[in-house]
A.B. asks: 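One structure, pasted below without further comment.
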Amino acid sequence: MHDIKFIRENPTQFDAQLARRGVAAQSTSILALDAQRRALQTEAQQLLEQRNAASKEIGAAKAAKDEAKAASLMATVNALKEKLPAIEAEERVVATELETILSSLPNLPAADTPDGKDEHDNVEILKHGTPRVFDFTPQPHETLGEKLGLLSAETAAKLSGSRFVVLRGALAKLERVLAQFMLNTLTEQFGYEEVSPPLLVRDHALYGTGQLPKFGEDLFKTTTDLWLIPTAEVSLTNLVREEILPSPTLPLRFTAHTPCFRSEAGSAGRDTTGILRQHQFYKVEMVSITTPEQSVAEHERMTTCAETILQRLGLPYRKVLLCTGDMGFCAVKTYDLEVWVPSQNTYREISSCSNCGDFQARRMNTRFKDENGKNQFVHTLNGSALAVGRTLLAIMENYQQADGSITIPAVLQGAMGCDSIKP
RNA sequence: GGAGAGGUGGCCGAGUGGUUGAAGGCGCACGCCUGGAAAGUGUGUAUACGGGUAACCGUAUCAAGGGUUCGAAUCCCUUUCUCUCCGCCA
């Protein structure tokens, strides 16, 4: 949600920033609506002021048993009341219109977010690790999994249709062990609080984190009007909705391991095999709630947390700064981490860490008390550490052997109780 | 799912139609008192929006949204949340 005061004071800058995201100039129409709304509000308030004053006098007159005076005052108030409803109704209409526009515009990009049209204009920050040179043709993970008899899209399709898989045995365990490793790293070394949140949420929670009202078609909705979360970002960020936090408690750092549910409307035909793009997948999510001063540093820290996990798993990755055209709706600035996928001979997204500034905080009405005792909106950040399914896939492919077995990364061998998954 | 009771300021709590943004208490801030502290004592202590250069003024807010009324924390309706009992249940 945008700050109408900011738009009033910086209309040109507002339009210029939106233009960087490919959105047409809005400030003129927004400010016209805003002016109209304020004029109507003032008018309505003046009428109410008169009504309130007269009503008080009626009370006094009645107390003094001056019925004649009371009756004449009532008549004047009745006259005022004829005008009021129309003005109030008009104000509501204008306010709703303004709200609709403001809530459907994406956040303004940070100064250091590069301009660009789509993912091709993203800027690579670094590469970590060297993709392994295979002395055989690396197999895609779904082939490896099927040959091991531990992964089946066909079986899942019988239950649930496309974009689901069934994992079994050592692969199912590896998925669990991976999530555990991620959670332990975040809680034991990086100060995150582990949370087990609801997976079903109301629409106002999704509005708070920006999925609604614009992106409802990407979500699954239940028959009781609850929605399945597309990411734990929704649950974790909304933990502080409508709260006024004491500033010494910031930053708050939450992590959760949850299933995520996405309809993948609009991605028909893309990544149709394997576990890269599923209707349901596990993800370990990080969310930070900070002051405005803290958020830039927190964003770097958060991204480092995700990188640390990739490094410990020995997975080659690159870090990319998203351009304005590829960034999510709420984000000011986003780093993506892309893991090396041998079968595709390319890097694929495995984590996305975003600073949302006060954009979600405005929607959730989450504030903190600053040193002067003033309420200010917090900044919110979220990132994956990591998408568990994609990490599993990356391990399978990067650690595969010529015989179709999969070596277990050293940090997981203890928890797995073995050093490889063999046919 | 059935029956009932409730949701008032940072917290507790009064208040069933008329200067109630809301008594009283706690907490907090500042002052007095004190050698210092405690106790005591005085004053102050919400948020949002609109108007105004400003001091300040206005409007709204007693879970949320509607309604009745000249006037609603108080009456009515809807929604929501909490609690108790019963039923069902991992």
Side-chain angles (χ1 to χ4, degrees), chain A residues 1-9 30-103 196-208 212-213 221-227 235 238-250 258-259 358 361-378:
Chain A
M1 177 65 86
H2 288 287
D3 181 5
I4 186 69
K5 280 188 198 151
F6 176 84
I7 303 174
R8 264 181 227 150
E9 287 158 20
I30 289 173
L31 291 180
L33 280 173
D34 180 48
Q36 198 185 347
R37 204 209 94 240
R38 284 194 287 167
L40 288 164
Q41 179 179 345
T42 303
E43 197 178 349
Q45 288 187 351
Q46 283 166 351
L47 288 174
L48 279 171
E49 183 182 355
Q50 293 172 35
R51 187 204 70 181
N52 289 349
S55 290
K56 267 187 187 172
E57 282 190 56
I58 292 170
K62 291 232 174 186
K65 304 258 189 255
D66 188 347
E67 291 297 336
K69 187 179 176 193
S72 86
L73 282 166
M74 278 190 217
T76 46
V77 176
N78 272 325
L80 289 177
K81 280 183 63 179
E82 281 175 25
K83 293 198 250 171
L84 195 55
I87 295 168
E88 282 178 331
E90 202 181 339
E91 190 201 338
R92 258 197 301 275
V93 169
V94 175
T96 307
E97 202 178 328
L98 188 58
E99 173 100 7
T100 305
I101 294 174
L102 288 178
S103 67
S196 177
L199 309 179
L200 290 162
V201 296
R202 292 176 196 276
D203 43 16
H204 65 234
L206 288 156
Y207 176 84
L212 292 180
K221 189 178 190 179
T222 68
T223 53
T224 53
D225 288 345
L226 289 168
W227 306 72
S235 305
N238 277 284
L239 289 177
V240 294
R241 67 174 295 110
E242 285 157 50
E243 297 237 13
I244 299 173
L245 304 160
S247 67
T249 63
L250 301 178
T258 70
D358 63 6
R362 284 180 190 286
R363 292 173 159 247
M364 300 190 299
N365 198 24
T366 302
R367 293 160 297 169
F368 73 100
K369 278 219 185 295
D370 67 18
E371 318 77 66
N372 306 315
K374 285 288 286 178
N375 294 337
Q376 279 193 55
F377 287 110
V378 298

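Every chain is numbered from 1, with letters handed out A, B, ... down the list of sequences. These values consider heavy atoms only, across backbone and side chains, with no hydrogens, waters or symmetry-generated copies.
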A.B. asks: Nearest to the K5(A) side chain among U47(B), C70(B), G50(B), which nucleotide is it?
C.D. replies: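 The listed nucleotide nearest to K5(A)'s side chain is G50(B).
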A.B. asks: In whole Å, what separates the P atom of G71(B) from that of U59(B)?
C.D. replies: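 Rounded to whole Å, the distance is 14 Å.
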A.B. asks: Report the residue (I244(A) or I58(A)) whose heavy-atom-nearest nucleotide on RNA chain B is the more 5′ of the two.
C.D. replies: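 Counting from the 5' end, the first nearest nucleotide belongs to I244(A).
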A.B. asks: When you compare the side chain of I7(A) with that of D34(A), does any pair of heavy atoms fall below 4.5 Å?
C.D. replies: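 Result no, sub-4.5 Å side-chain heavy-atom pair not found.
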A.B. asks: Reading RNA chain B 5' to 3', how would its secondary structure be written in dot-bracket notation, given Watson-Crick and G-U pairs with both distances under 3.5 Å, brackets [ ] for crossing pairs and | for partners on other strands?
C.D. replies: ((((((((.[[[..)..(.....]]]((((((.......))))))((((((....)))))).[[[[[..)....]]]]])))))))....
A.B. asks: Taking only the C1' atom of each, what is the distance from C11(B) to U45(B) in whole angstrom?
C.D. replies: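 Looking at atom C1' only, C11(B) and U45(B) are 14 Å apart.
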A.B. asks: Can you tell me how far C1' in A72(B) sits from the matching atom in C62(B), rounded to whole Å?
C.D. replies: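 Result for the C1' pair: 11 Å, nearest Å.
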A.B. asks: Expressed as a whole number of Å, how far does the C1' atom of C33(B) sit from that of A39(B)?
C.D. replies: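 It comes out at 11 Å once rounded to the nearest Å.
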A.B. asks: Check the distance between U79(B)'s C1' and H204(A)'s NE2 and give it to me in whole angstrom.
C.D. replies: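 Atom NE2 in H204(A) sits about 13 Å away from atom C1' in U79(B).
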A.B. asks: Kindly indicate whether the side chain of E242(A), heavy atoms from C-beta on, has any atom under 4.5 Å from the side chain of H204(A).
C.D. replies: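 Answer no - side chains too far apart.
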A.B. asks: I'd like to compare against my own output: the B/S/- annotation of nucleotides 55-60 of chain B with a strict under-4.0 Å heavy-atom distance to protein.
C.D. replies: ---BBS
A.B. asks: Report yes if some heavy atom in the side chain of M1(A) is under 4.5 Å from a heavy atom in the side chain of Y207(A); otherwise report no.
C.D. replies: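 The answer is yes; the side chains approach within 4.5 Å.
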A.B. asks: With the side chain counted from C-beta on, respond yes when L206(A) and N238(A) share a heavy-atom pair under 4.5 Å apart, and no when they do not.
C.D. replies: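 Of all side-chain heavy-atom pairs linking N238(A) with L206(A), none is under 4.5 Å.
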A.B. asks: Say you pick atom C1' in G4(B) and the same atom in G42(B); how far apart are they, in whole Å?
C.D. replies: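 Their C1' atoms lie roughly 48 Å apart.
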A.B. asks: Let me know, please, whether G59(A) or D34(A) comes out on the 5' side of the other along RNA chain B by nearest nucleotide.
C.D. replies: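 That would be G59(A).
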A.B. asks: Using whole Å, what does the distance between atom C1' of nucleotide U69(B) and atom CG of L73(A) come to?
C.D. replies: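 My rounded result for the distance is 15 Å.
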A.B. asks: Check the distance between G50(B)'s P and L98(A)'s CG and give it to me in whole angstrom.
C.D. replies: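 About 11 Å, once rounded to whole Å.
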A.B. asks: Quick one: are M364(A) and E243(A) in side-chain contact, heavy atoms under 4.5 Å?
C.D. replies: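 Not in contact.
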A.B. asks: Would one find a side-chain N or O of R202(A) under 4.0 angstrom from OP1 or OP2 of C81(B)?
C.D. replies: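 Yes, such a contact exists.
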A.B. asks: What's the gap between A29(B) and G67(B) when it is taken at their P atoms, as a whole Å value?
C.D. replies: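 These two P atoms come out 44 Å apart once rounded.
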A.B. asks: Has R38(A) got a side-chain N or O lying under 4.0 Å from the OP1 or OP2 atom of C49(B)?
C.D. replies: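 Negative; the distance criterion is not met.
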A.B. asks: Looking only at the side chain of R92(A) (C-beta and beyond, no hydrogens), which of the listed nucleotides G66(B), G51(B), A48(B) gets closest?
C.D. replies: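 The answer is G66(B).
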A.B. asks: For C77(B) versus U82(B), give the span between their P atoms, rounded off to a whole number of Å.
C.D. replies: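 Pairwise P distance, C77(B) against U82(B), rounds to 22 Å.
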A.B. asks: When the C1' atoms of U80(B) and G66(B) are considered, how many whole Å apart are they?
C.D. replies: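 Pairwise C1' distance, U80(B) against G66(B), rounds to 14 Å.
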A.B. asks: Does OP1 or OP2 of G50(B) have a side-chain N or O of R8(A) closer than 4.0 Å?
C.D. replies: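 It does, given that an N or O in the side chain of R8(A) lies less than 4.0 Å from OP1 or OP2 of G50(B).
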A.B. asks: CG of L47(A) versus P of C70(B): gap in Å, rounded?
C.D. replies: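 So the two atoms are 17 Å apart, to the nearest Å.
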